Chemist: 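I'd like to ask you about the structure that follows.
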Amino acid sequence: MEIFCVILGWLLAQATTYINDVKKSQKRKSAMLKMLFNEFNDGVLQTKDMLKDNSFCLPVKVNPWWENNKLLYYEELPDEAELYNKWNDLDAKLFSTDFNSDFFKHYVSATNETRNSLQKSSSYWQQPLWKLLVLQLKPKKP
């Protein structure tokens, strides 16, 4: 009976640690996604304003926030960081290349894909804790 109690205590400690780790991860990733989404929206609005002003001769835009936080996002949210990075590169090149409709279509497509991905990820991490626990326990697809 004593061994059973020790094993049960160990299992409860492991479960508590796991639940606390998922809670911390949920808070951290939700906050990071919110920041990334805000930066994305700011970039899109800036680009729209520049397009309205016909600012086609501007130098390549560099996003200092992204350059400073890129590694952190790649570590915590690799898929979202990769999409944002691709969009950010396209956004920077938008005004440095000859403006043509094909590039602009590609830019709009990347913008929509990035927005949808960030919204989907954000809604995933805002689910109730019990759903996240179940989803985290499911085996990952290769």
Side-chain angles (χ1 to χ4, degrees), residues 3-142:
I3 292 175
F4 175 73
C5 289
V6 169
I7 292 172
L8 183 61
W10 180 82
L11 288 173
L12 286 173
Q14 294 299 315
T16 302
T17 301
Y18 178 74
I19 290 169
N20 288 335
D21 287 348
V22 171
K23 278 184 189 177
K24 287 178 191 174
S25 182
Q26 180 185 26
K27 285 181 183 177
R28 184 178 63 249
K29 290 185 179 185
S30 289
M32 289 178 73
L33 280 165
K34 184 176 181 178
M35 177 66 81
L36 190 62
F37 197 69
N38 287 340
E39 284 295 321
F40 172 75
N41 283 332
D42 290 347
V44 169
L45 291 175
Q46 247 183 1
T47 301
K48 282 183 180 178
D49 289 345
M50 291 170 82
L51 288 171
K52 285 180 187 174
D53 296 341
N54 292 325
S55 306
F56 294 109
C57 58
L58 293 176
V60 175
K61 287 185 349 181
V62 175
N63 185 341
W65 176 85
W66 180 242
E67 294 303 318
N68 292 332
N69 293 295
K70 186 186 293 190
L71 293 177
L72 175 66
Y73 277 87
Y74 268 107
E75 187 177 305
E76 293 290 326
L77 301 162
D79 296 337
E80 293 79 4
E82 182 65 31
L83 266 175
Y84 183 85
N85 193 50
K86 286 179 184 175
W87 173 82
N88 191 54
D89 289 345
L90 285 173
D91 192 51
K93 292 176 186 172
L94 185 62
F95 297 100
S96 66
T97 59
D98 291 331
F99 196 79
N100 64 45
S101 61
D102 289 338
F103 185 81
F104 189 70
K105 285 178 188 175
H106 183 59
Y107 172 79
V108 169
S109 172
T111 300
N112 291 334
E113 181 182 3
T114 304
R115 178 181 290 117
N116 292 340
S117 176
L118 291 176
Q119 287 173 337
K120 186 176 177 182
S121 295
S122 186
S123 64
Y124 174 85
W125 286 105
Q126 291 175 358
Q127 294 182 78
L129 182 61
W130 67 270
K131 277 189 176 180
L132 280 177
L133 290 169
V134 170
L135 291 171
Q136 294 289 313
L137 288 174
K138 286 183 180 179
K140 306 271 190 248
K141 294 178 182 175

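For clarity, every value in this text was computed on a predicted model and none was experimentally measured.
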Chemist: Can you find a pair of side-chain heavy atoms, one from Trp87 and one from Asn112, that are under 4.5 Å apart?
Modeler: no
Chemist: Once you round to the nearest 0.5 Å, how far does CG of Leu118 lie from OG of Ser123?
Modeler: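 These two atoms lie 11.0 Å from each other.
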Chemist: Measure the shortest side-chain to side-chain distance between Lys27 and Lys23 over non-hydrogen atoms and say whether it is less than 4.5 angstrom.
Modeler: no
Chemist: Just how far is it from atom CH2 of Trp66 to atom CG of Asn68, taken to the nearest 0.5 Å?
Modeler: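 Rounded to the nearest 0.5 Å, the CH2-CG separation comes to 11.5 Å.
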Chemist: Is the shortest side-chain heavy-atom distance between Ser30 and Gln126 below 4.5 Å?
Modeler: yes
Chemist: Once the angle between the rings of Phe40 and Tyr84 is folded into 0 to 90°, is it parallel (under 30°), tilted (30 to 60°) or perpendicular (over 60°)?
Modeler: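 Aromatic pair Phe40/Tyr84 classed perpendicular.
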Chemist: Below 4.5 Å, heavy atoms only, C-beta onward: do Leu36 and Asn69 meet side chain to side chain?
Modeler: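 Not in contact.
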Chemist: Roughly how far apart are Leu12 CG and Leu8 CG, rounded to 0.5 Å?
Modeler: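 So the CG of Leu12 and the CG of Leu8 are separated by 4.5 Å.
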Chemist: For the side chain of Thr114 and the backbone of Ala110, is there at least one donor-acceptor N/O pair under 3.5 Å apart?
Modeler: yes
Chemist: Could you check Tyr73 against Met35 for side-chain contact (heavy atoms from CB on, under 4.5 Å), going step by step and ending with a plain yes or no?
Modeler: CA-CA 11 Å; Tyr73 277 87; Met35 177 66 81; 3.5 Å; yes
Chemist: To the nearest 0.5 angstrom, please state how far the CG atom of Leu77 sits from the CG atom of Leu83.
Modeler: 11.5 Å
Chemist: Say you draw a straight line from CG of Asp21 to CZ of Arg28; how long is it, rounded to the nearest 0.5 Å?
Modeler: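 Those atoms lie 9.0 Å apart.
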Chemist: What's the spacing between Glu82 CD and Asp79 CG if we round to 0.5 Å?
Modeler: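 It comes to 8.5 Å.
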Chemist: Kindly determine whether Leu72 and Met32 satisfy side-chain contact (heavy atoms from CB on, under 4.5 Å), including the steps that lead there.
Modeler: CA-CA 10 Å; Leu72 175 66; Met32 289 178 73; 3.8 Å; yes
Chemist: Given Thr111 and Leu90, is the side-chain contact (heavy atoms from CB on, under 4.5 Å) satisfied, shown in steps?
Modeler: CA-CA 9 Å; Thr111 300; Leu90 285 173; over 6 Å; no
Chemist: Would a 4.5 Å heavy-atom cut-off, applied to side chains only, mark Glu80 and Phe37 as touching?
Modeler: no
Chemist: Does atom CG of Leu45 have more than 12 heavy-atom neighbours from other groups under 6.0 Å away?
Modeler: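 Yes, because the 6.0 Å sphere around CG of Leu45 holds more than 12 heavy atoms from other groups.
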Chemist: Looking only at atom types and distance, does a side-chain atom of Ser109 sit under 3.5 Å from a main-chain N or O of Lys105, one as donor and one as acceptor?
Modeler: no
Chemist: Can you find a pair of side-chain heavy atoms, one from Lys29 and one from Tyr124, that are under 4.5 Å apart?
Modeler: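 They are not in contact (no side-chain heavy atoms under 4.5 Å apart), so the answer is no.
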